[in-house]
Amino acid sequence: MAATASAGAGGMDGKPRTSPKSVKFLFGGLAGLSAGLLRQATYTTTRLGIYTVLFERLTGADGTPPGFLLKAVIGMTAGATGAFVGTPAEVALIRMTADGRLPADQRRGYKNVFNALIRITREEGVLTLWRGCIPTMARAVVVNAAQLASYSQSKQFLLDSGYFSDNILCHFCASMISGLVTTAASMPVDIAKTRIQNMRMIDGKPEYKNGLDVLFKVVRYEGFFSLWKGFTPYYARLGPHTVLTFIFLEQMNKAYKRLFLSG
């Protein structure tokens with residue numbers, strides 16, 4: 001019995017075996033990794049770069065930072081531009097990560113983000129790469145107005161309190177506040193964006209008309225607070241992401257100023 005159990009667990013030669021299900025479990029989470037990396041390389045770098053440049057140009061000659069409303073406008077501009085640039089990678093990312101949940105005969109089977117972009121262009125037309133661009137930009141406007149403006153405002157408030165100096169601890173606290181504000185503001189538009197980009201045609205008609213139609217149907221059939229369903233895990237993901245984003249951004253800005261502008 002022991003030998004049989006050993007053979008069953010490790011194979012006829014007694015060596016351990018890894019089942020296909022284990023491999024799928026371990027590596028299934030990598031689906032869409034290339035698309036996620038391309039999205040970060042396009043959307044995130046664009047929005048942060050534009051925000052930093054505009055923020056510095058609109059800072060007063062005496063070093064007075066822009067007011068909160070102006071910070072929000074700068075964030076909206078940066079977010080909308082970055083979202084437009086990053087939408088093709090976003091479409092590929094959502095399709096690739098959703099592929100495993102579809103029935104076998106409906107899976108698209110993209111190999112990587114570049115294969116996805118090429119096939120989408122060839123099979124559905126180049127404009128499909130910007131499907132859901134409007135709700136994506138709407139989400140980016142909300143997210144960046146909330147995230148970038150709330151971070152700058154929180155950082156300024158912490159520095160003015162006298163208990164913080166311009167260091168990593170201050171950046172960390174301001175980032176966590178920013179992540180909380182951003183989560184509350186962005187979840188409804190995130191739901192609309194994701195469902196539109198992942199929708200299918202039903203009897204020749206799109207599942208949703210627009211972002212407002214998504215929100216209306218969610219509230220009608222799932223309840224108002226379904227717009228914030230999963231708030232805690234969403235914040236658990238967005239909080240660390242926001243912290244790392246701004247800490248690295250602050251450190252890179254300091255390094256750039258020290259290396260290239262100090263002279």
Side-chain angles (χ1 to χ4, degrees), residues 36 39-40 42-55 58 65-91 93-94 130-157 174-199 208-220 222-246 249:
R39 178 183 179 277
Q40 294 298 328
T42 52
Y43 166 66
T44 302
T45 55
T46 300
R47 74 184 180 99
L48 292 179
I50 290 177
Y51 182 82
T52 301
V53 171
L54 292 179
F55 187 90
L58 293 173
F68 180 75
L69 290 179
L70 187 53
K71 290 174 185 173
V73 172
I74 297 172
M76 291 177 184
T77 304
T81 307
F84 181 82
V85 173
T87 294
E90 179 88 4
V91 171
L93 173 63
I94 289 177
W130 279 271
R131 175 181 289 175
C133 182
I134 299 302
T136 300
M137 292 176 69
R139 175 190 180 274
V141 164
V142 173
V143 168
N144 287 277
Q147 187 182 59
L148 299 177
S150 65
Y151 173 76
S152 297
Q153 197 70 20
S154 299
K155 177 184 172 184
Q156 183 179 338
F157 173 79
S175 299
M176 291 301 290
I177 296 171
S178 174
L180 187 64
V181 173
T182 307
T183 299
S186 67
M187 284 193 73
V189 289
D190 201 33
I191 289 174
K193 174 192 70 69
T194 302
R195 295 200 182 188
I196 284 181
Q197 288 183 323
N198 202 39
M199 70 179 177
Y208 301 104
K209 297 177 182 178
N210 49 50
L212 290 177
D213 185 48
V214 174
L215 297 179
F216 175 76
K217 289 181 177 178
V218 169
V219 172
R220 181 178 180 182
E222 303 175 38
F224 178 75
F225 289 103
S226 293
L227 296 174
W228 290 275
K229 184 183 295 182
F231 183 93
T232 301
Y234 193 101
Y235 179 62
R237 178 187 69 84
L238 188 63
H241 176 272
T242 304
V243 168
L244 293 175
T245 296
F246 284 117
L249 179 64

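Remark: Met137 CE to Asn144 CG distance equals 11.5 Å, nearest 0.5 Å. Put simply, CG on Leu48 and CD on Gln40 are 9.5 Å apart, with the number rounded to the nearest 0.5 Å. Here Thr44 contributes atom OG1 and Arg39 contributes atom CZ; the two are 6.0 Å apart, rounded to the nearest 0.5 Å. Atom-to-atom distance recorded for Arg220:CZ and Ser226:OG is 14.5 Å, nearest 0.5 angstrom.
Scored by the side-chain contact (heavy atoms from CB on, under 4.5 Å) test, Val142 finds Ala185, Val189 as partners (sequence neighbours excluded). With sequence neighbours excluded, no residue satisfies ring pair (Phe, Tyr, Trp, His ring centres under 6.0 Å) with Tyr43. Residues forming a salt bridge (charged side-chain N to carboxylate O under 4.0 Å, His left out) with Lys217 (at least two apart in sequence, or on another chain): Asp213. In this structure, the side-chain contact (heavy atoms from CB on, under 4.5 Å) partners of Ile50, at least two apart in sequence or on a different chain, are Thr46, Leu54, Ala78, Thr81.
Other residues, nucleotides and ligands contribute over 12 non-hydrogen atoms within 6.0 Å of the CZ atom of Phe231.
Among all heavy-atom pairs drawn from Val141 and Ala80, the shortest one is CG2-CB, 3.9 Å. Shown here for Ala146 and Ser178, the closest heavy-atom pair between the two residues is O-OG, 4.3 Å. In terms of heavy atoms, Ala184 sits closest to Pro188 at O-CD, 4.0 Å. Considering every non-hydrogen atom in both Gly179 and Tyr235, the closest pair reads C-CE1, 3.4 Å.
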Just distance, no hydrogens or angles: give the donor-acceptor pairs under 3.5 Å from side chains in residues 68-77, sequence neighbours left out.
{"from": "Lys71", "atom 1": "NZ", "to": "Gln153", "atom 2": "OE1", "distance (Å)": "2.9"}
{"from": "Lys71", "atom 1": "NZ", "to": "Gln156", "atom 2": "OE1", "distance (Å)": "2.8"}
{"from": "Thr77", "atom 1": "OG1", "to": "Val73", "atom 2": "O", "distance (Å)": "3.0"}

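Judged by distance alone, the side chains of Tyr51 and Ser152 do bring a donor and an acceptor atom under 3.5 Å apart.
Looking at heavy atoms from C-beta onward, Gln147 lies out of side-chain contact with Thr245 at the 4.5 angstrom threshold.
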Between Thr242 and Ser175, is a side chain to side chain donor-acceptor pair (under 3.5 Å) present by the stated rule, with each step listed?
CA-CA 6 Å; Thr242 304; Ser175 299; over 6 Å; no
Determine, stepwise, if the pair Met199 / Val214 fulfils side chain to side chain contact (heavy atoms under 4.5 Å, CB included).
CA-CA 11 Å; Met199 70 179 177; Val214 174; over 6 Å; no
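Formation of a donor-acceptor pair under 3.5 Å by the Thr194 side chain with backbone atoms of Ile191 is not found in this model. Distance alone, capped at 3.5 Å, is enough to place a donor-acceptor pair between the Trp130 side chain and the Phe84 backbone.
Counting only residues at least two apart or in different chains, side chain to side chain donor-acceptor pair (under 3.5 Å) contacts with residues 180-192 comprise Arg139-Asp190, Ser186-Tyr234, Asp190-Tyr234.
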